[in-house]
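The basis for the numbers below is simple: all heavy atoms, side chains too, and nothing from hydrogens, waters or symmetry mates.
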Amino acid sequence: MPTPDFIRGLRASIGHELLYLPGVSAVVFDDQDRVLLGRRADNGRWTIICGIPEPGEQPAAAVVREVEEETAVRCVPERIVLVRTLAPVTYPNDDKCQFVDVCFRCRAVGGEARVNDDESLDVGWYPLDALPEMEDFSLSRIKQALEDGPTWFEPIVEE
């Protein structure tokens, strides 16, 4: 994913130090209950659609924007699937980030799935029984989105 301008500005001041950032991800279903996936340009892996909210942008608005920017699909959020702090990541340029992901289950309401920016190599709808190889990040969120349970979060462990 390209680095947003506001993060470039922060990096000019703090260098490669750890940034704690919000993130959003979307498990988008169509009317045939297929899931929308993108194959990332940076690592070639298939994943659900995700991104970083702009300063002041609400998470639900950010996820709708990210889905349309990356895939040309318009969607509406139906519910929050999970909220989870991810492990810190170090990028090839030594920038360090840690994201708090808010994952939404969304329903497609328009547009045709296609590569719509330079973040994806491919975009498509996949039946749940024919998903391409993906990491647990996406698989666990798809599984959680299919359930009608409450929003998932890491349980609080009392000491």
Between V100 and I7, is there a shared hydrophobic cluster once you connect ILVMFWY residues whose side-chain heavy atoms come closer than 4.5 Å?
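In one cluster with V100: I7, no.
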Is any side-chain heavy atom of Q144 closer than 4.5 Å to a side-chain heavy atom of E147?
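Side chain of Q144 against side chain of E147, heavy atoms only: contact under 4.5 Å found.
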How far apart are the closest heavy atoms of S25 and V63, and which atoms are they?
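Between these two residues, the closest heavy atoms are O-CG2, 3.5 Å.
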By salt bridge (charged side-chain N to carboxylate O under 4.0 Å, His left out) - contacts of D33 (at least two apart):
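Result, salt bridge (charged side-chain N to carboxylate O under 4.0 Å, His left out) vs D33: R107.
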For a quick test of reading the model, state the closest non-hydrogen atom pair linking T47 to S138 and the distance between them.
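Looking at all heavy atoms of both residues, the shortest contact is OG1-OG, 2.9 Å.
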Mind jotting down which residue pairs meet the ring pair (Phe, Tyr, Trp, His ring centres under 6.0 Å) criterion with at least one end in residues 129-159? Sequence neighbours excluded, please.
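Listed by first then second residue: nothing to list.
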Less than 4.5 Å apart, side chain to side chain, heavy atoms only: is that true for V64 and P77?
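Side chain of V64 against side chain of P77, heavy atoms only: contact under 4.5 Å found.
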R79 CZ to C106 SG distance, which is reported to the nearest 0.5 Å
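Taking CZ in R79 and SG in C106, the distance rounds to 11.0 Å.
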Nearest-0.5 Å distance that lies between atom CD1 in I52 and atom CD in E66
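Here the rounded value is 8.0 Å.
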How far does CD of E68 sit from CZ of R74, to the nearest 0.5 angstrom?
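Rounded to the nearest 0.5 Å, the CD-CZ separation comes out at 6.5 Å.
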Would you say L86 ends up clustered with L18 if hydrophobic residues are merged whenever their side chains have heavy atoms under 4.5 Å apart, either directly or through other cluster members?
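Per the 4.5 Å side-chain linkage, L18 and L86 are not co-clustered.
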Would you list the pairs meeting salt bridge (charged side-chain N to carboxylate O under 4.0 Å, His left out) in which at least one residue belongs to residues 17-29, sequence neighbours left out?
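Checked against salt bridge (charged side-chain N to carboxylate O under 4.0 Å, His left out) - neighbours excluded - no pair reaches residues 17-29.
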Considering residues at least two apart in sequence or located in another chain, which fulfil the side chain to side chain contact (heavy atoms under 4.5 Å, CB included) criterion with D136?
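Side chain to side chain contact (heavy atoms under 4.5 Å, CB included) list for D136, sorted by chain: S140.
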Quick one: list whatever passes salt bridge (charged side-chain N to carboxylate O under 4.0 Å, His left out) with R84, sequence neighbours left out.
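For R84, the residues satisfying salt bridge (charged side-chain N to carboxylate O under 4.0 Å, His left out) (neighbours in sequence not counted) are E154.
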What are the two closest non-hydrogen atoms of L121 and G44, and how far apart are they?
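Where L121 meets G44 most closely, the heavy atoms are CD1-CA, 4.2 Å.
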Full working for side chain to side chain contact (heavy atoms under 4.5 Å, CB included) between L19 and Q98:
CA-CA 6 Å; L19 276 178; Q98 186 169 23; over 6 Å; no
My understanding is that only residues two or more places apart in sequence, or in another chain, count here; which of them pass salt bridge (charged side-chain N to carboxylate O under 4.0 Å, His left out) with E54?
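With sequence neighbours excluded, E54 shows a salt bridge (charged side-chain N to carboxylate O under 4.0 Å, His left out) to no residue whatsoever.
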Hey, could you give me each pair passing ring pair (Phe, Tyr, Trp, His ring centres under 6.0 Å) that has a residue in residues 57-85? Not counting sequence neighbours.
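Qualifying pairs: none.
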May I ask you to test the V24-C50 pair for a side-chain heavy-atom distance under 4.5 Å?
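Side-chain contact under 4.5 Å: no.
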Measure across V27 and R141 and return the closest heavy-atom pair with its distance rounded to 0.1 Å.
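For V27 and R141, the tightest heavy-atom pair comes out as CG2-O, 3.7 Å.
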What are the two closest heavy atoms between F99 and P22, and how far apart are they?
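Heavy atoms only, the tightest pair is CD2-O, 3.8 Å.
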Let me confirm one number: the CG-CG distance from L21 to D101, rounded to the nearest 0.5 Å.
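Separation between the atoms: 12.5 Å.
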For E135, what residues pass the side-chain hydrogen bond (donor to acceptor under 3.5 Å, both in side chains) criterion, not counting sequence neighbours?
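Counting only residues at least two positions away or on another chain, E135 forms a side-chain hydrogen bond (donor to acceptor under 3.5 Å, both in side chains) with R45.
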Members besides V73 in its Ile/Leu/Val/Met/Phe/Trp/Tyr cluster (side-chain heavy atoms under 4.5 Å)
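Traced through the cluster, V73 reaches V28, L36, I49, V67, V115, V123, W125.
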Neighbour count >12 (heavy atoms, 6.0 Å) for atom CG, D31:
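Open: at most 12 neighbouring heavy atoms sit under 6.0 Å from CG of D31.
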As an exercise, state the distance from CG of L37 to CG of L131, rounded to the nearest 0.5 Å.
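Here the rounded value is 6.5 Å.
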Are F29 and R105 packed together at the side-chain level, in the sense that at least one heavy-atom pair is separated by less than 4.5 angstrom?
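In contact.
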R114: partners by side-chain hydrogen bond (donor to acceptor under 3.5 Å, both in side chains), with sequence neighbours left out:
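Once residues adjacent in sequence are excluded, the partners of R114 under the side-chain hydrogen bond (donor to acceptor under 3.5 Å, both in side chains) criterion are N116.
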When you compare the side chain of T151 with that of V81, does any pair of heavy atoms fall below 4.5 Å?
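No - every pair of side-chain heavy atoms lies 4.5 Å or more apart.
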Which pairs count as ring pair (Phe, Tyr, Trp, His ring centres under 6.0 Å) when at least one residue sits in residues 38-65, sequence neighbours excluded?
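Pairs touching residues 38-65 that pass the test: W46-Y126.
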Only counting residues at least two apart or in another chain, list the ones meeting salt bridge (charged side-chain N to carboxylate O under 4.0 Å, His left out) with D30.
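Residues passing salt bridge (charged side-chain N to carboxylate O under 4.0 Å, His left out) with D30: R34.
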Is there side-chain contact between E57 and R65, with heavy atoms separated by less than 4.5 Å?
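With C-beta onward as the side chain, the pair touches.
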If hydrophobic clusters are built from ILVMFWY residues whose side chains come within less than 4.5 Å, do L10 and Y91 share one?
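Yes, same cluster.
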So if you build clusters from Ile, Leu, Val, Met, Phe, Trp, Tyr with side-chain heavy-atom gaps below 4.5 Å, do V83 and L146 land together?
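Per the 4.5 Å side-chain linkage, V83 and L146 are not co-clustered.
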Roughly how far, to the nearest 0.5 Å, is the NZ atom of K96 from the CG atom of N93?
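N93 CG to K96 NZ: 9.0 Å, rounded to 0.5 Å.
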